[in-house]
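To start, the structure under review is shown below, and the notes come after it.
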Amino acid sequence: MINIVDSNAAFNWQLGDEETVERAFSCAEHVSATQIVNNRLIAAPLETRAANGKYDESTGRYTLYATTQNPHILRRVLAEEVGIAPEHMIDVLSKDVGGSFGSKIFVYGEECLCLWAARKLNAPVKWSATRGESFAADVHGRDHLTEAAIALDKDALITAIKVNTLANLGAYLSPFGSLVPTYNYAMMLAGPYSIPNVFAEVTGMYTNTSPVDAYRGAGRPEATFVVETLIDNAANELGLDPVELRTRNLIQPEQIPYQTPTGLVFDSGDFPAHFEKAIERAKYFQFNERQQKSLRQGKRRGVGISNYVEACAIGPSAIAGVLGADYGLWESATVRFLPTAKLEVVTGSHSQGQGHETTFAQVASSALGIPLADISVLHGDTRCTPVGMGTYGSRSLSVGGSAVVLAAEKLIEKGRAIAAHFFYCQSSEVEFASGVFKHADGEDQMSIQEIVRIAHAPHNYPEDLEPGMEATAFYDPKNFTYPSGTHICEVEIDPDTGSVAVVNYTAVDDFGVVVNKSIVEGQLHGGIAQGIGQALWEHVKYDCETGELITKSFKEYAVPRAEQLPSFDISFTQTPCEHNPLGVKGCGESGAIAAPPAVMNAIYSALGERVSMPATPEKIWRCIKKSAGGG
Amino acid sequence: MALYQKVCRGGLNISSIFHSPATIIDAEAIYREAKKPIYLHGGQEVVLRLQNDLADISDLIDISNIDELHGLHKEGSTLSIGAGENHAAIAGSGLVAQKAPVLCELASNIGDSQTRNRGTIGGAIASKTRSSDWNAALLALDATIHTTKTSHMAEDYFSRGGLTAGELITKICFEIPSKGIYLKQTRASSTDALIGVLVSRLEKKCRVAIVGSQRVAFLCPALEAALSAKFHQDVYDQSHIPEGILADNADASLEYQLNLVEVLCKRAISSCA
């Protein structure tokens, strides 16, 4: 840092009432404190960022092909902030994108340069990042240093949590760089527990590193890691089983809706349900038998639990406004019947491998009663999609899918009016189910396909009704969705080499209504793998002297490989979301939130000591050696 | 003959002529004529070099259609493996499983399945940059590396710095061990060995070869001597490990690497006893 300012702190931010929390700590029966490092990560999507800029001299239009998660936001920033051209003169296309995990939310210099250079040269300009460039210049994730403490009363009920976090922001403040370590993080610091007092102080630090911003979970994994670490440490110190301490403190279903001390309202959820189911599926109470078996083979075995609840499906625009955002966080959908009764679902959400083409088609199929084969889902093209807000924060199905439902409902309403015209009745007398309009009191019925054909050939048609069968809807959620879950991990450690094998992994999650089980399981698989990766292998390193990135390729930066992971036992509990029409909750980030503490608590259980993430074999070997008195 | 063309970053056009000879003689003739040629088989090294723009190659000589480079045979007291055999073929060979199961085990843990299906033993040894696992086998099974020009004893091959220009490995002959065990601790970011140890019992001696993540491969004569007197893990002493070869690196400290050497040596010795 050049010494022209007093400090490299960008901001100091607080949440909660420090005095009340200090009072709770002063009358606590037991206090447990610890220091936590949340290691810096690289998102490492399979496809690196790429852009292709074009300029059409005859029309003055710019076209950008990019790997963004949010084409409309990119277009707006290019117009409003960068000043490439007015918004209506820029088209942004982002089609099949190979993964993102948050790193492609942001507007980077290269996209802007491609457009600028395309005009300068009057020729298309292409750029794609090498892996090394991607590692060096895409935003990184996490990177917290935290002092945390938990206070408990004589019944081991948690009375307060306080944290003091230094959050590395990198050299430049990225768009969500200040949001992730503040609201996204501190609001989740009570977890799914009935903890009345929380105080968080966060200092955002500028450093000579790449910017740090949203990476799968974005603040919520860091919070969950703090809470679940504190609880296991306290349980160990009090001689309580970690299950017992959690059981005493979980928010009970009858407490829902539950106002958290950090300003959120959990409007649905049954935390004990997934907790108990996970304990049973993981055979937690038979762990000792497995531990003995491992011991006989010279291995140390540990089991770790992680409960989480997160706020996602961002988000209510009103809350975004209160937090200072300039944008709303709704989503849009157009549902368009073609004259042959085939359907186009056009969404403002964006898929980077999450399978929206399947899930959104299922939502439309279910709402309109038409076969999946008759539906195509379009996204990622500002020329033909309604203005949308894109995909991040586990929002697509909850917010974008809900917009599809609302648009479909408009079509059904219109269909009722057309059917009523033929049934000689009022619209209100027409019922709709499974793709068929029926006269409530008569025999008359028409399929939605017949209605669509009539709407496109309106020869005999209700007066004052528009032809065509197309509707657009915008959906702005009333609250976040609060998915929650319990993950239980078992590890086996070779004490001679310090190698860790994840041998069992059980996940029970509550995502409300599950529209497509395979896709949700896929999201969990990826998230858990990334979470295990953070716990055991991944760590961005810079040279302390030169500031050079050391982990500049997959040779130095270790991402998880399938062969290192066990088969996950994944199951669900379901408490539908109360406020969106699908009853769904976001599922994309849960694995990455829940897994790191589950793995690290399992290692803690095996060693009786804490090591920091990533828990490399050498760290574990040193820890065991130290405990044995070997230095 | 086809033209392999790529546009380098920076707009530089690189064209390479692609050859596909059927015999070693033809391959060598093409090599001699060409300006800056390179042999290509599974592509696990060469394609990476091309992608990384490190290679300004005039001619790519595909040697994968040369029958002479293939075959797995028992030749006297040795097991001969054609340089063109890929890792997966060696891992799955009934003959290798019968004569030197340690090589099946070793080959089956190189890289990932794609690497094993494409990468060859000859390529791994010629490039000396990856799959260092084979280096442990070369040393511990007293291998002879046969080439189009000469044959190298494994130890000489490492000390003299490899092949000369145009020299093509044809086959590798390993002494058939009565027992052999290869154990490795992988690096976090790949299946390459952070430390790998191959202990073998040959007809008149035993061998202990160690490979490390810094591309090092060496024998431990002092440990071999101690084991010749008494083949038991308890004879292991850190003083048996040559000094100054292993060093602190980005993956692990020297202290941890030496611990791995000890743990893996003892386990391998115990399994070979």
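Each chain gets a letter, A, B and so on, in the order its sequence line appears, and its residues count up from 1. Reckoned from all heavy atoms, side chains included, excluding hydrogens, waters and symmetry mates. Because the structure is a prediction, the values reported are computed rather than measured.
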Residue pair K625(A) / N259(B), side-chain heavy-atom distance below 4.5 Å = no

inquiry  = For K54(A), is the NZ atom crowded, meaning more than 12 foreign heavy atoms sit under 6.0 Å from it?
reply    = no

Fill in: Donor-acceptor side-chain pairing of R622(A) and S253(B) below 3.5 angstrom
yes

So, the part of A250(B) with a heavy atom under 4.5 Å from chain A: the answer is backbone

Consider only side-chain N and O atoms of E556(A) and S189(B), and report whether a donor and an acceptor are under 3.5 Å apart. no

Exercise for review: Look only at the side chain of Y256(B) and the backbone of T497(A), and say whether a donor-acceptor pair between them is shorter than 3.5 Å.
Suggested key: yes

Looking at E243(B), I want to see if its CD is surrounded by more than 12 non-hydrogen atoms of other residues, nucleotides or ligands under 6.0 Å.
no

Cut-off 4.5 Å, heavy atoms of chain B, and the answer for Q564(A) is side chain

Okay, E255(B) and chain A: the region with an atom under 4.5 Å from a heavy atom over there is both

Scored by heavy-atom pairs under 4.5 Å with chain B, the best of L536(A), V559(A), D494(A), I550(A) is D494(A)

In this structure, OG of S499(A) is separated from CG of L260(B) (nearest 0.5 Å) by 7.5 Å

Under 4.5 Å to a heavy atom of chain B? For P617(A) that would be both

Mark yes when over 12 heavy atoms from residues, nucleotides or ligands other than D234(B) sit less than 6.0 Å from its CG; otherwise mark no. yes

| message | Does this structure show an ion pair linking D496(A) with K266(B), if we count only N-O contacts that are shorter than 4.0 Å? | response | no

Next item on the list: Inspect the contact between K555(A) and D251(B) and indicate whether a charged nitrogen and a carboxylate oxygen are less than 4.0 angstrom apart.
Entry: no

